[in-house]
Amino acid sequence: MRHGRYPFIIGFLVAPLILYVVFVISPYVQAFYIALTNWRGITATPEYAGFENFARLLDDEVFWHAVRHHIVLLVAMPLLTIAIALFFSFLLNLGGGSKGGQMTGVFGSTFYRVVFFFPQVLAVAIVGVLFQAIYRPDESGVINGLLAKVGIEPIGWLTNPDLALWSIIAVMVWQAVGFYVVLFSAGMSAIPKDVFEAAALDGAGRFRLFFSITLPLLWDTLQVGWVYLGIAAFDGFALVQVLSVDRGGPDNATTVLPLEIWRNAFNFSKYGYASAMGVALFFMTITFAVLTLRVTRRERIEF
């Protein structure tokens, strides 16, 4: 075994490596190549167009609308999701205070974990259909029906350009919070309870426990969560497709790059231009992840 360990290890790595190259690396390479052509999905040999598609992106107003929406998503979605998830996680793990010398969560915390995680098990399309009923612009909608009972006129949550994107962001946050409650709860569970108990004995309240102990010791988990949410903010295709008016409307108020990629490829047969958008989205996502990991890097706290 000692003399044949390298062939043994290589034998296990070859199959996964081949699968990764065929199903991950190869499609990326093909997308980069197609982005340099004017291929419309009909001819067998695409005509090379150089950087013409990328030059068109710079003058495409819809493309820049989508980029601006991703910037809003990058700021709002991670901040709201992490803030809400941290609050619930703290309550479920430490909100009950010290009982019998042990820090506990609020009463019924196990049940609440299941409730919070439930939206995560639903398919995104199902979530979109559910919120179509909730956001209906007339009094038959759940929200507008409740507003009508207190004398408030129905609101076009998805038809008002100023509200449509924020309404979809609210759905994204609602769906994502459960996963990050579980993620942060797992991180808090890994922190020795003695740390919290010692701080509580010294008179630290819940506010001090959260900001002086929980956040610093949970930093690595927060960093991972922020990167995941940032990558999710560069998607949003399914919810925008199902919820938005006229797929990205009204008046491009909710459009995102994955939706524009799909529209250009399958509606307009502009596969080269759609691939150029995909390449731009790829580099934006990679840049975000690298910058986030770089900016949020800090010394690790050992227990």
Look up atom [atom1] in [X] and atom [atom2] in [Y], then write down how far apart they are to the nearest 0.5 Å.
| X | Y | atom1 | atom2 | value |
| --- | --- | --- | --- | --- |
| Leu86 | Thr81 | CG | OG1 | 10.5 Å |
| Leu158 | Ser244 | CG | OG | 8.0 Å |
| Arg56 | Lys270 | CZ | NZ | 5.0 Å |
| Arg68 | Asn252 | CZ | CG | 10.0 Å |
| Arg247 | Asn267 | CZ | CG | 6.5 Å |
| Leu74 | Leu229 | CG | CG | 10.0 Å |

Please check: side-chain N/O of [X] versus main-chain N/O of [Y], any donor-acceptor pairing under 3.5 Å?
| X | Y | value |
| --- | --- | --- |
| His69 | Thr255 | yes |
| Asp251 | Ala253 | no |
| His70 | Ala233 | yes |
| Asn144 | Ile155 | yes |
| Trp64 | Leu58 | yes |
| Asp138 | Pro154 | no |
| Asn264 | Glu260 | yes |

Exceeds 12 heavy-atom contacts within 6.0 angstrom, atom [atom1] of [X]:
| X | atom1 | value |
| --- | --- | --- |
| Phe32 | CZ | yes |
| Phe54 | CZ | yes |
| Phe87 | CZ | no |

Start with the C-alpha distance between Val173 and Ile169, add both sets of side-chain angles, then the distance that settles side-chain contact (heavy atoms from CB on, under 4.5 Å), and finish with yes or no.
-> CA-CA 6 Å; Val173 171; Ile169 289 174; 4.2 Å; yes
Counting C-beta onward and ignoring hydrogens, is there a side-chain heavy-atom pair between [X] and [Y] closer than 4.5 Å?
| X | Y | value |
| --- | --- | --- |
| Leu73 | Met172 | yes |
| Asn38 | Tyr48 | no |
| Val72 | Trp166 | yes |
| Leu36 | Asn53 | no |
| Val224 | Thr221 | no |
| Phe118 | Val115 | no |
| Leu281 | Pro258 | yes |
| Met277 | Phe63 | yes |

Nearest heavy-atom pair of [X] and [Y]: which atoms, and what distance?
| X | Y | answer |
| --- | --- | --- |
| Val227 | Phe288 | O-CE2, 3.8 Å |
| Ile261 | Ala274 | O-CB, 3.5 Å |
| Ser275 | Ile34 | OG-CG2, 3.3 Å |
| Met77 | Ala232 | CE-CB, 4.0 Å |
| Gln132 | Leu243 | N-CD2, 3.6 Å |
| Asp246 | Arg263 | O-NH1, 4.2 Å |

Identify all side-chain donor-acceptor contacts of residues 177-186 below 3.5 Å with residues at least two apart in sequence or on another chain.
{"residue": "Ser185", "atom": "OG", "partner": "Asn93", "partner atom": "ND2", "Å": "3.1"}
{"residue": "Ser185", "atom": "OG", "partner": "Val181", "partner atom": "O", "Å": "2.6"}

Verify the cluster assignment for [X] and [Y]: are they in a single hydrophobic cluster under the rule of side-chain heavy atoms below 4.5 Å apart?
| X | Y | result |
| --- | --- | --- |
| Val62 | Val279 | no |
| Val121 | Val129 | no |
| Leu259 | Ile71 | yes |
| Leu79 | Leu291 | no |

When the aromatic ring centroids of Phe268 and Tyr273 are compared, is their separation below 6.0 Å?
->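 No, the ring of Phe268 stays outside the 6.0 Å limit from the ring of Tyr273, centre to centre.
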Applying the ring pair (Phe, Tyr, Trp, His ring centres under 6.0 Å) test to Tyr28, which of Tyr33, Phe282, Phe283 qualifies?
->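 So the option named by the test is Phe282.
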Thr292 and Gln223: side chain donor to acceptor below 3.5 Å =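 Per modelled atom types, Thr292 and Gln223 side chains form no pair under 3.5 Å.
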If the plane angle is over 60° it's perpendicular, under 30° parallel, otherwise tilted; pick one for Tyr135 and Trp157.
->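 Ring orientation of Tyr135 relative to Trp157: tilted.
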Could you walk me through whether Phe131 and Val242 pass side-chain contact (heavy atoms from CB on, under 4.5 Å), step by step?
-> CA-CA 9 Å; Phe131 275 88; Val242 175; over 6 Å; no
